[in-house]
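Written below as structure tokens is the structure these notes are about.
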Amino acid sequence: MSKLFWAILFQILGGVFAWVQLQGHYAWNKPWLKSLWFIYATSLVIAPLYWYSTKWSYEHFGAFWNMRLAGFGISTIVFGLLAWLLIGEIPTLKTIISLLLAISIILIQLTNVVKV
């Protein structure tokens, strides 16, 4: 599989872990999810995911901006889906438009293979 595939996968996994790290205690109301040690431990997982995503996307595109912007879109979609599925936050029209814009950003960046 290509480096771009792995970069996107790690970006998604990083978004999921970051969501659990920062919003998990609202979804499951467990005291250990509010612990600073939980934050430290999950950071040891999240940081390498984003690091490798950046590394592989740079190797694929030869630039940092593509995955920076696509990663923003991916994280926005992951956050929106998890907030909806796990907390029950129903997307408003503003949120749906923002998610559509996030999808647009992802598509623009991942199909931008023309080198200047």
Side-chain angles (χ1 to χ4, degrees):
M1 294 199 202
S2 75
K3 290 181 181 184
L4 181 59
F5 170 83
W6 289 108
I8 293 169
L9 178 64
F10 274 41
Q11 191 72 222
I12 292 169
L13 290 173
V16 170
F17 278 104
W19 191 93
V20 171
Q21 180 190 53
L22 301 172
Q23 281 81 32
H25 63 280
Y26 294 111
W28 298 291
N29 197 24
K30 302 287 183 192
W32 57 271
L33 289 170
K34 297 178 184 180
S35 163
L36 196 54
W37 290 108
F38 176 72
I39 302 301
Y40 292 148
T42 52
S43 295
L44 294 173
V45 175
I46 295 167
L49 288 171
Y50 285 129
W51 188 86
Y52 278 108
S53 178
T54 301
K55 176 185 183 301
W56 291 327
S57 68
Y58 183 80
E59 290 172 2
H60 178 81
F61 291 112
F64 290 111
W65 275 108
N66 296 81
M67 189 51 79
R68 175 69 183 119
L69 295 171
F72 164 77
I74 291 167
S75 295
T76 300
I77 291 169
V78 167
F79 178 90
L81 286 172
L82 291 175
W84 179 27
L85 296 172
L86 298 177
I87 297 180
E89 279 194 26
I90 299 171
T92 63
L93 181 59
K94 283 192 313 186
T95 305
I96 292 168
I97 292 169
S98 296
L99 291 172
L100 291 173
L101 289 170
I103 291 168
S104 300
I105 290 169
I106 294 166
L107 293 174
I108 288 168
Q109 291 304 315
L110 296 184
T111 58
N112 181 13
V113 293
V114 177
K115 296 193 181 202
V116 178

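When reading the values below, keep in mind they use all heavy atoms of this one structure, side chains included, and skip hydrogens, waters and symmetry mates.
- To the nearest 0.5 angstrom, Thr42 atom OG1 is 9.0 Å from Phe17 atom CZ.
- Every pair passing salt bridge (charged side-chain N to carboxylate O under 4.0 Å, His left out) that includes a residue from residues 38-64 is listed here, sequence neighbours excluded: Lys3-Glu59, Lys55-Glu59.
- Every residue two or more places apart in sequence or in another chain that forms a side-chain hydrogen bond (donor to acceptor under 3.5 Å, both in side chains) with Ser53 is listed here: Gln11.
- In terms of hydrophobic clustering, with Ile, Leu, Val, Met, Phe, Trp and Tyr side chains grouped at heavy-atom distances under 4.5 Å, Phe10 and Trp51 are assigned to a common cluster.
- The distance from atom CD of Gln109 to atom OG of Ser57, rounded to the nearest 0.5 Å, is 10.5 Å.
- By the criterion of side-chain heavy atoms lying less than 4.5 angstrom apart, applied directly or through intervening Ile, Leu, Val, Met, Phe, Trp or Tyr residues, Leu110 is grouped together with Leu107 in one hydrophobic cluster.
- Among residues two or more places apart in sequence or in another chain, the side-chain hydrogen bond (donor to acceptor under 3.5 Å, both in side chains) test is passed with Thr95 by Thr92.
- When the side chain to side chain contact (heavy atoms under 4.5 Å, CB included) test is applied to Trp65, the partners found at least two apart in sequence or on another chain are Arg68, Leu69.
- Residues passing the ring pair (Phe, Tyr, Trp, His ring centres under 6.0 Å) test with Phe38 are Trp32, sequence neighbours excluded.
- What you find for Ile106 and Ala70 is that their closest heavy atoms are CG1-O, 3.6 Å.
- Contact record, Gly24 with Leu33: O-CD1, 3.5 Å, taken as the closest heavy-atom pair.
- Hydrophobic cluster membership differs between Val45 and Leu22, with clusters built from Ile, Leu, Val, Met, Phe, Trp and Tyr side chains linked at under 4.5 angstrom.
- Partners of Ser43 according to the side chain to side chain contact (heavy atoms under 4.5 Å, CB included) rule, which considers only residues two or more places apart in sequence or in another chain, are Gln21, Ile39.
- Cluster partners of Leu101, using a side-chain heavy-atom cutoff of under 4.5 Å among ILVMFWY residues and allowing indirect links, are Leu93, Ile97.
- Summarising the geometry of Ala18 relative to Tyr50, their closest heavy-atom pair is CB-OH, 4.3 Å, with the distance given to 0.1 Å.
- In this structure Tyr52 satisfies the ring pair (Phe, Tyr, Trp, His ring centres under 6.0 Å) test together with Trp56, sequence neighbours excluded.
- Judged as a ring pair (Phe, Tyr, Trp, His ring centres under 6.0 Å), and not counting sequence neighbours, Phe5 has no contacts.
- Asn66 places no side-chain N or O within donor-acceptor distance of the main-chain N or O of Phe61, the cut-off being under 3.5 Å.
- Enclosure of atom CG in Leu44 by more than 12 non-hydrogen atoms of other residues, nucleotides or ligands within 6.0 angstrom is indicated.
- By the 4.5 Å heavy-atom criterion applied to side chains, His60 and Ile8 are not counted as neighbours.
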Enumerate donor-acceptor pairs with a distance under 3.5 Å from any side-chain N or O in residues 71-88 to protein atoms, sequence neighbours excluded.
residue: Ser75; atom: OG; partner: Gly71; partner atom: O; Å: 3.0
residue: Thr76; atom: OG1; partner: Phe72; partner atom: O; Å: 2.8

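- Applying the ring pair (Phe, Tyr, Trp, His ring centres under 6.0 Å) test to Phe64 and every residue at least two apart in sequence or in another chain returns Tyr58.
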